[in-house]
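Take a look at the structure below.
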Amino acid sequence: MNMNPENEAPKERALNFLEEIIEADIARGQTRVHTRFPPEPNGYLHIGHAKSICLNFGLAKRYNGLCNLRFDDTNPVKEDVEYVDSIKEDVRWLGFQWAGEYYASDYFEQLYEWAVLLINKGLAYVDDQTQEEIRTSRGTVTVPGTPSPWRERSVEENLRLFAAMRAGEFADGAKVLRAKIDMGHSNMLMRDPILYRILHTEHHRTGDKWCIYPMYDYAHGECDSIERITHSICTLEFDVHRPLYDWFIEQLGIFPSHQYEFARLNLTYTMMSKRKLLQLVQNKAVSGWDDPRMPTICALRRRGYTPESVRAFAERVGVAKRDNVIDLGLLEFCVREDLNRIAERRMAVVNPLKVVITNFPEGKTEYISCINNPENPDSGSREVPFSREIFIDRDDFMEIPPKKFFRLTPGGEVRLRYGYLIKCEEVVKDAAGEIIELRCTYDPESKGGSSSDGRKVKGVIHWVSAPHAIEAELRLYDVLFTRENPDDIEEGKTFTDYLNPESLVTKKALLEPALASVQAGDKFQFERVGYFTPDYDSKPGALVFNRTVGLKDSWAKIAEK
RNA sequence: UGACCCAUGGUGUAAUGGCAACACAGCAGAUUUUGGUUCUGUUAUUCUAGGUUCGAGUCCUGGUGGGUCAACCA
């Protein structure tokens with residue numbers, strides 16, 4: 001027992017409103033917490049889903065409960081097994097295990113029987129109106145709807161017609177099954193919502209067994225109920241659906257699951273609509289769902305994001321009912337925080353400038369020990385070759401330096417990272433006046449760190465040995481959209497007009513050769529957050545930090561002063 | 001113009017009728033073999049008008065502002 005307040009564990013964060021609801025339920029005697037993550041398999045998961053996943057699985061874990069993975073596959077025209085597989089992979093990658101894997105389509109028979117029950121109770125009817133007629137007779141938000149001429153059909157006729165719908169006797173759109181609730185209700189969703197529509201479409205799991213499919217509102221609450229979900233958590237826009245959710249459960253007298261809503265995640269410069277992301281993929285504006293510029297989980301994975309960093313992000317954005325737009329900088333902070341702890345550093349040069357060390361013996365190769373990760377002593381060190389000719393980054397040399405420029409200048413001295421102090425003696429230019437080479441001398445006594453006379457230099461730069469350097473392809477990328485909110489569209493434009501033409505730039509780069517995991521021709525990516533990651537598909541694992549490029553923004557700021 | 005949801009620094013999230021705080025971003029400084037990291041300091045917040053109360057960010061009423069809802073999508 002620790003009585004010293006200074007040594008107490010840091011205070012845990014305050015409960016979010018969902019945790020408060022759950023704790024109140026527990027205090028009231030509820031003994032079980034069971035949540036679910038219910039994606040429709042019609043696209044890939046994105047960072048917004050990550051928030052929902054972390055919430056649902058996190059809540060279940062916190063209260064020793066369970067969380068199901070349920071595919072809401074009630075609309076076969078949009079869905080595919082490709083999406084089912086990707087969703088499972090992404091949830092697993094995020095680090096979560098589902099208690100059970102379920103599909104709304106597993107419950108089609110039960111759902112059908114319940115629909116028959118509603119008909120028998122006089123609470124559902126088959127409507128022959130066209131889609132257009134149904135729409136206009138529903139009224140508007142300010143004017144009440146009018147009843148369908150088919151609303152008062154007998155139970156027997158409804159039963160017969162619904163069975164015929166299932167049997168495939170009607171064409172798509174010829175009939176629907178509707179709940180009989182209230183055509184004048186102030187909530188549009190309660191104006192005799194559609195329960196079943198006819199769709200002669202092959203389903204990715206049930207094949208051609210069914211030609212009628214349940215609607216979301218009819219299926220979702222009942223699926224929750226079947227799985228005995230205690231807390232059905234969804235986003236704010238489903239708020240108006242809750243009365244319907246409760247209505248079906250009440251009328252059917254089944255397990256009372258309850259729905260709670262939270263505000264979905266929005267990120268600056270990011271498109272979060274699955275439908276629009278699908279358009280980007282289909283129009284080939286991006287190379288696929290895992291194009292590293294996409295906000296999808298698989299793209300983040302490919303960019304070198306860790307599951308830990310995504311989870312930390314989900315935790316930091318919080319949970320509330322207020323609409324929010326999170327600064328993309330917070331996501332980037334979360335990766336940097338994690339990568340800074342675990343990533344091994346490597347040296348790289350993007351815009352090479354040749355440097356000849358005139359007093360270093362020709363043909364000699366020396367190996368210099370470099371620490372892999374200054375933040376983590378356990379990550380060890382590596383030997384990097386050093387020779388008479390090296391490359392540094394052009395940005396690390398300035399002929400006429402502004403104030404506070406700490407790197408190489410004519411006559412100035414700088415430290416080669418982990419190596420020697422070098423001094424620029426001569427700037428060699430071509431006929432056009434372009435700098436093509438620097439001739440420097442090195443201080444043989446300055447290897448590694450100290451210098452013989454104790455002098456210190458402020459600048460430390462990256463370098464690669466010219467004869468040993470490995471050429472690699474570097475993808476530099478930025479935000480996909482130029483607009484802070486790509487959904488906020490000006491007249492006459494679409495969201496694709498805001499695509500950032502510089503979101504992806506490919507460049508050659510020179511890397512130090514001592515990377516066991518790096519070979520010539522490898523592709524690398526440069527994050528705007530300040531690090532390199534290898535393309536996930538070619539080389540998962542290794543990470544490269546680069547000062548020069550990574551801090552370009554800071555450098556630009558200094559230059560302005 | 002109907003019903004419902006929401007309103008706290010630049011951005012998010014706390015404060016559960018009792019000193020408005022934490023994180024990100026910003027700014028300034030220190031440390032540093034990455035202009036990174038780390039550390040320190042600092043700028044900046046309760047939409048509005050009433051009411052209840054000894055006391056209101058919190059409760060009540062009105063207003064204002066934002067969002068959602070009129071797919072046989074989820």
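Note that these values count all heavy atoms, side chains included, but never hydrogens, waters or copies made by symmetry. Computed from a predicted structure; not experimentally measured. Naming: A, B, ... by sequence-line order, numbering from 1 per chain.
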Consider only side-chain N and O atoms of A:Asp396 and A:His462, and report whether a donor and an acceptor are under 3.5 Å apart. no
Choosing from B:A70, B:A71, B:G12, which nucleotide comes nearest the side chain of A:Thr140? B:A70
Please confirm whether the backbone N or O of A:Phe37 pairs with a side-chain atom of A:Asn56, one donor and one acceptor, at under 3.5 Å? no
Would you classify A:Val317 as touching base, sugar-phosphate or nothing, given that sugar-phosphate means primed atoms plus P, OP1 and OP2, and contacts are heavy atoms under 4.0 Å? sugar-phosphate
Counting the atoms with a prime plus P, OP1 and OP2 as sugar-phosphate, which does A:Val325 contact under 4.0 Å by heavy atoms, base, sugar-phosphate, or nothing? sugar-phosphate
Picking from B:A71, B:A25, B:C72, which would you name as closest to the side chain of A:Arg336? B:A25
In Watson-Crick or G-U wobble terms, both distances under 3.5 Å, what is the partner of B:C47? B:G63
Looking at every strand, decide which applies to A:Val319 at a 4.0 Å heavy-atom threshold: base, sugar-phosphate, or nothing. sugar-phosphate
Rounded interatomic separation in angstrom, taking CD from A:Glu79 and P from B:A74: 8 Å
Does A:Arg197 have a side-chain nitrogen or oxygen under 4.0 Å from the phosphate oxygens OP1 or OP2 of B:C73? yes
Using a 4.5 Å cut-off on heavy atoms from C-beta on, say whether the side chain of A:Ser225 contacts that of A:Ile229. no
Under 4.0 Å, counting only non-hydrogen atoms across every strand here, what does A:Glu237 touch: a base, just sugar-phosphate, or nothing? sugar-phosphate
Expressed as a whole number of angstroms, how long is the span from A:Leu55:CG to B:U13:C1'? 13 Å
Among B:A74, B:C72, B:C69, find the nucleotide with the atom closest to the side chain of A:Met188. B:C69
Pick base, sugar-phosphate or nothing for A:Tyr196, based on heavy-atom distances below 4.0 Å to the nucleic acid. nothing
Could you tell me the separation between the CG atom of A:Leu244 and the P atom of B:C73, rounded to a whole number of Å? 15 Å
Candidate nucleotides B:C24, B:C6, B:A74, ranked by approach to the side chain of A:Arg316 - the nearest: B:C24
Winner on side-chain proximity to A:Arg322, out of B:U37, B:A7, B:A70, is B:A7
Rounded distance in Å - CG (A:Asp172) to P (B:C73): 10 Å
A:His258 side chain to A:Ile233 backbone, donor-acceptor under 3.5 Å: no
On RNA chain B, does the nearest nucleotide to A:Glu337 precede the nearest nucleotide to A:Asp127 from the 5' side, or the other way round? Give the residue. A:Glu337
Applying a 4.0 Å non-hydrogen cut-off, can you work out what A:Lys274 is touching in the nucleic acid: base, sugar-phosphate, or nothing? nothing
Checking all strands, does A:Glu315 fall into the base, sugar-phosphate, or nothing category for heavy-atom contacts under 4.0 angstrom? nothing
What does A:Thr201 touch in the nucleic acid at a heavy-atom separation under 4.0 angstrom: a base, only the sugar-phosphate, or nothing? nothing
A:Thr268 near the nucleic acid: base, sugar-phosphate alone, or nothing, with a heavy-atom cut-off under 4.0 Å? nothing
Side-chain N or O of A:Thr142 less than 4.0 angstrom from OP1 or OP2 on B:A3? no
Candidate nucleotides B:A15, B:G2, B:U68, ranked by approach to the side chain of A:Val240 - the nearest: B:U68
Winner on side-chain proximity to A:Ile326, out of B:G12, B:C24, B:C69, is B:G12
Per A:Lys78 side chain, nearest of listed nucleotides B:G12, B:U13, B:C73: B:C73
What is the distance from CG of A:Asp327 to P of B:A25, rounded to the nearest Å? 9 Å
Does a donor on one side chain sit under 3.5 Å from an acceptor on the other, for A:Glu237 and A:Thr235? yes
With the side chain of A:Asn75 defined as its heavy atoms from C-beta on, choose the nearest nucleotide among B:A74, B:A3, B:A14. B:A74
With sugar-phosphate meaning primed atoms plus P, OP1 and OP2, does A:Asn187 contact a base, only sugar-phosphate, or nothing at under 4.0 Å between heavy atoms? nothing
Classify the ring geometry of A:Trp210 against A:Phe108: parallel below 30°, tilted from 30° to 60°, perpendicular beyond 60°. perpendicular
Syn/anti state for B:A71 [syn: chi within 90° of 0]: syn
For A:Phe386 and A:Tyr420, take the angle between the two ring planes, folded into 0 to 90°, and tell me which bin it lands in: parallel under 30, tilted 30 to 60, perpendicular over 60. tilted
Using a heavy-atom cut-off of 4.0 Å across all strands, would you classify A:His241 as base, sugar-phosphate, or nothing? base
With a 4.0 Å cut-off on heavy atoms, is A:Arg341 in touch with a base, just the backbone sugar-phosphate, or nothing at all? nothing
Side-chain atoms of A:Met215 come closest, of B:A14, B:A71, B:U37, to B:A71
Would you mind classifying the nucleic acid contact of A:Glu375 as base, sugar-phosphate or nothing, using non-hydrogen atoms under 4.0 angstrom? base
Is any side-chain nitrogen or oxygen of A:Arg138 closer than 4.0 Å to OP1 or OP2 of B:C72? yes
Between A:Glu79 (side chain only) and A:Asn75 (backbone N and O only), is there a donor and an acceptor less than 3.5 Å apart? yes
Between A:Leu416 and A:Asp239, which is nearer to the 5' end of RNA chain B once each is assigned its nearest nucleotide? A:Asp239
